[in-house]
Amino acid sequence: MAYLHFARNVLASMFRHPATTEYPLAPRQYQNITRGKVEINIDDCIFCGMCMRTCPADAIRVDRAGKTWEINPFSCVQCGGCVEHCPKKCLKMDTNYTKPSEKKTEMVFHADTPQT
Amino acid sequence: MKQEYTEIESPALLDNVKEMKEDGYRLVQICCTRVPDGYELTYSFDKEYNFCHLRLTVPESGWVMSITSLYWSAFIYENEMHDLFGLDVRHIANDVDYKGTFYRLSEKAPWHTPPKKPAPPVRPQAKQPPVSKAAPAGEAVKTTAKAEEGAKEHG
Amino acid sequence: MAETTVIPFGPQHPVLPEPVHIDLEMQDEKVLRAIPSIGYVHRGLEKLVEKRDYQKFVYVAERICGICSFGHGWGYCRAVEGAMHIDVPPRAKYLRTIWHELSRIHSHLLWLGLMADAMGFENLFMSSWRMREKILDIFEETTGGRIIFSVCKIGGVRRDMEKGTLNSIVDRLTDMEAELRVITDEFLKEPTVIRRMSGVGVLSREDAIELCCVGPVARASGVVGDMRLIDTEGAYQDLSFEPCVATEGDCLARCKVRIAELFQSIGLIRQAVEKVPDGEIAALVRGNPKEEFFTRIEQPRGEAIYYVKGNGTKFLDRMRVRTPTNANIPALVRALQGCDYADVPMLVVTIDPCISCTER
C-alpha cells in the first residue's frame, strides 16, 4: 500500500476532463492582453516614425514621404513597445500569433490601401 | 550603494586572493572586460553578504596567473575568459584545463577585438531618414555600414 | 589497469532541458572524470550590448533564458538603475517581486517535472507540468506572454496589476496548494522515488563551501545563503521569511529545499499582495549610464550577478551575467567523479542546469 500513493491521482486523471486543449480541433483560447502580432489602422497613421525608433528588433520601417508603413512580422518580438509609444494610437496588439509561412515576408501598408 | 573596487597589480594577485581565502571569502565571479589597451579583470568575493572586488588590468600581450590553486571552481571563469577573449591564463589546474575546448566556437577568441566606437543600431533603410534625430558624428560612414550590416542581418 | 571508455553525455538527452556536452571517462560502470563543454546555445548576447540601445536591451536580456526570463530582465534593469542612480517607486518593487516569486514557482515546478522524468516517472512529470500551466495562465493574463513577459523596463514596470487581479492570483494559488501537496508528497514519501534520490550526489558542507556553490545546491548542504535577505530593490525587506535549508546534501535534500521554496513563494506572494502600496509604476529615465554597477539577485537556481559598465553613450561598454548554473558546474564536475553511470542523469538534473543562462 505504501507504494501506491499516487494511485488516487492517476485514477482521478483517467476520469477527469483532459487538461490540454484539443488543438487544432478546438481553438486556442487567448487572454485579452496576449501579445500576438502587431496590427495597424493605416488611416490614422501620421508616419512620424516613433514606432520605428522604439522597435528593439528593427522590424518596422516607416517612409514619411512615400506614406508607407512596413513591418516584418518574423523579426517582431511582440514586445508591444510600438503600441505603447504610438502618438495616434493606431497600432494595436492582436491576440493571434503570426501564421507560419515558408518565407519571411514583410507586410506593407500604404496610406491609400483599403483596409481588409 | 557605494561599490568599491580594489586595484591590484598582476604579481600581487595570488597574495590578495590567498588573503581572501584565508578570511573565508567565497569566489563569486571573474569578469573580463576588453578595454582599448588590454583586459580589465574583476574578481568578486563574498562573505556573509559583504561583496567586494579586486580589479586587475592586464596588457593585451600579457598573461594572468590562474587562481585554481586556491579556488578550484575558478576554472569555469578562466576557461571562459581564455576561450572568448583569448586571454592567456597560465597554470590552470591540470584536471580542469580544457585548453580551449570548453566553449565550442566557430572562430577563436571572438571577443578579442575591442569594441569599436559606439555605432547606432542598424536601422532599416527608410527612404527619408527622420531629420530631427540627433545622430552621432560620422553619419556618412554609417550609411554604407548600415547597408552592409542590414544585408548581413537579413541574410 | 583496466581500459577507460569515453561516453558522450548530451548535447541531446531526454533529461536535459538545454544542450550541454559532458564527456564521461568511464571504467566499467564508474565515472572517473567528467569534462564539460558548452557553446550549443551561445548567442553572444553580452557582445550585442554594444549594438543595442541600453533601454531596448531589456528585451534581449529577458530572452537569455526561457525559464528564468523575468529574473534576467529584472536583474539587468536593476544593474542599469544602480549605475544611473534611479529610484524605483515602491509599487513597482512589489509588482516585480510578485512576478519574480511566481517565476520561482513555475521554475521549481518545471524542475520537479524534469526530475520525475529523469527517473522515468512520467505521470508525475505531467502532473507537475499541469500545475505549472496554471501559473503560465496567470502570467498570460497579467503580462501578455506565457514565458517572455516584456514587463520590466528601466525605471519600473510597464503594466500594472489591479487589486482584483492580485486577489484572484492569491485565490488561485490557494486552490492549487492542495494539489501541489499531493504532487510534492509523492517526491518526499514514495519509496521508489526516495531510493533513486537518497544518497546520490552527496555534497558535504565543506565541499559546498569550497566549490562556491549557490542556491538550493548550497542550501541543501547546510550553507545558509539567500540573496533575498539583503535585497533592497524588491519588496523582500518588508516580507518575513527564512531561507529553506537542509543538511544531507544529496539529491533528496535538494528536492526538499526546492519544494519548501515553492510553498514559501506562495506565502511570500500572499504577504506582498496584502502590503502592496499604491503609486507610480515607473520612474522617469533621463540620460545615459556612465558608471559601472554590480547587482545580485536570487533567481530560482541561486545567486545571479549582473554587471553593467556604461560609458556615457547609449551603448554600454560591458554587460556581464554570471548565472547560478555557471557557479554550480564545478559542483557537478566534482559530484560526477566516482558516481555510477545510471546516476549521471539524476546528478545533471539535480543542480538544475539552465545552460542557456550559462552560455548567453
Side-chain angles (χ1 to χ4, degrees), chain A residues 1-23 26-39 49-60 74-86 91-98, chain C residues 48 51-63 73 116 121-124 126-134 136-153 158-161 165 178-179 181-195 282:
Chain A
M1 206 45 220
Y3 282 82
L4 291 176
H5 275 143
F6 212 48
R8 202 189 322 170
N9 199 309
V10 172
L11 286 171
S13 300
M14 272 172 53
F15 297 110
R16 247 194 291 202
H17 195 266
T20 48
T21 316
E22 276 147 51
Y23 183 85
R28 153 95 151 96
Q29 300 292 337
Y30 295 103
Q31 306 288 344
N32 290 339
I33 59 166
T34 301
R35 289 173 275 116
K37 63 178 187 296
V38 175
E39 287 189 339
M50 273 305 292
C51 50
M52 181 168 68
R53 278 187 280 275
T54 312
C55 182
D58 296 327
I60 297 181
F74 296 98
S75 290
C76 170
V77 291
Q78 300 96 30
C79 67
C82 53
V83 176
E84 233 177 89
H85 286 101
C86 176
L91 286 165
K92 79 172 179 46
M93 209 76 197
D94 184 32
T95 56
N96 295 298
Y97 288 98
T98 309
Chain C
L48 194 59
K51 293 194 197 145
R52 290 264 177 270
D53 193 340
Y54 76 95
Q55 288 193 356
K56 294 183 187 174
F57 194 78
V58 187
Y59 301 114
V60 181
E62 64 182 0
R63 283 164 173 79
F121 198 156
E122 291 214 13
N123 197 330
L124 191 52
M126 292 298 173
S127 300
S128 309
W129 281 44
R130 179 168 53 190
M131 300 310 292
R132 177 176 167 251
E133 282 297 309
K134 302 190 180 166
L136 296 182
D137 284 340
I138 296 179
F139 283 138
E140 203 177 359
E141 267 176 44
T142 51
T143 65
R146 280 160 50 100
I147 302 288
I148 305 289
F149 312 149
S150 296
V151 83
C152 245
K153 71 172 184 185
R158 287 171 65 195
R159 277 191 209 274
D160 203 350
M161 284 199 277
T165 317
E179 197 170 342
R181 286 270 169 220
V182 171
I183 292 174
T184 52
D185 276 350
E186 193 57 25
F187 279 96
L188 301 176
K189 297 193 180 137
E190 174 80 34
T192 44
V193 172
I194 291 176
R195 236 191 266 173

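Residue numbers begin at 1 in each chain, while the letters A, B, ... track the order of the sequences.
- Proximity to chain C (any heavy atom under 4.5 Å) is shown, for A:N32, by neither the backbone nor the side chain.
- Here A:N9 contributes atom CG and C:L124 contributes atom CG; the two are 8.5 Å apart, rounded to the nearest 0.5 Å.
- Contact annotation: the side chain of A:S13 never approaches that of C:M126 to less than 4.5 Å [non-hydrogen atoms, C-beta and beyond].
- For the options C:R159, C:E133, C:Q55, heavy-atom pairs under 4.5 Å to chain A are most numerous at C:R159.
- For C:T142, the part lying near chain A is the backbone, with the side chain staying farther off; criterion is any non-hydrogen pair under 4.5 Å.
- Remark: side-chain polar atoms of C:R158 are not paired, donor with acceptor, to backbone N or O of A:E84 under 3.5 angstrom.
- The local environment of CZ in A:R16 is crowded, with over 12 non-hydrogen atoms from other residues, nucleotides or ligands closer than 6.0 Å.
- When all heavy atoms of C:E140 and A:I33 are compared, the pair lying nearest together is O-CG1, 3.7 Å.
- With a 4.5 Å cut-off on non-hydrogen atoms, C:I148 touches chain A through its backbone but not through its side chain.
- For C:F139, no part lies near chain A; criterion is any non-hydrogen pair under 4.5 Å.
- Counting heavy atoms from C-beta on, the side chains of C:R52 and A:D58 come closer than 4.5 Å.
- The structure places CD of A:Q29 at 11.0 Å from CG of C:D137, a figure rounded to the nearest 0.5 Å.
- Of the possible donor and acceptor atoms, one in the side chain of A:R35 sits under 3.5 Å from a partner among the backbone N and O of C:F149.
- The part of C:E179 that comes within reach of chain A is its side chain, from C-beta onward, which places non-hydrogen atoms under 4.5 angstrom from that chain.
- Between chain C and the options A:G81, A:C79, A:G80, A:G36, the largest number of non-hydrogen pairs under 4.5 Å is found for A:C79.
- Side-chain contact between A:V77 and C:R63 is present, with heavy atoms from C-beta onward closer than 4.5 Å.
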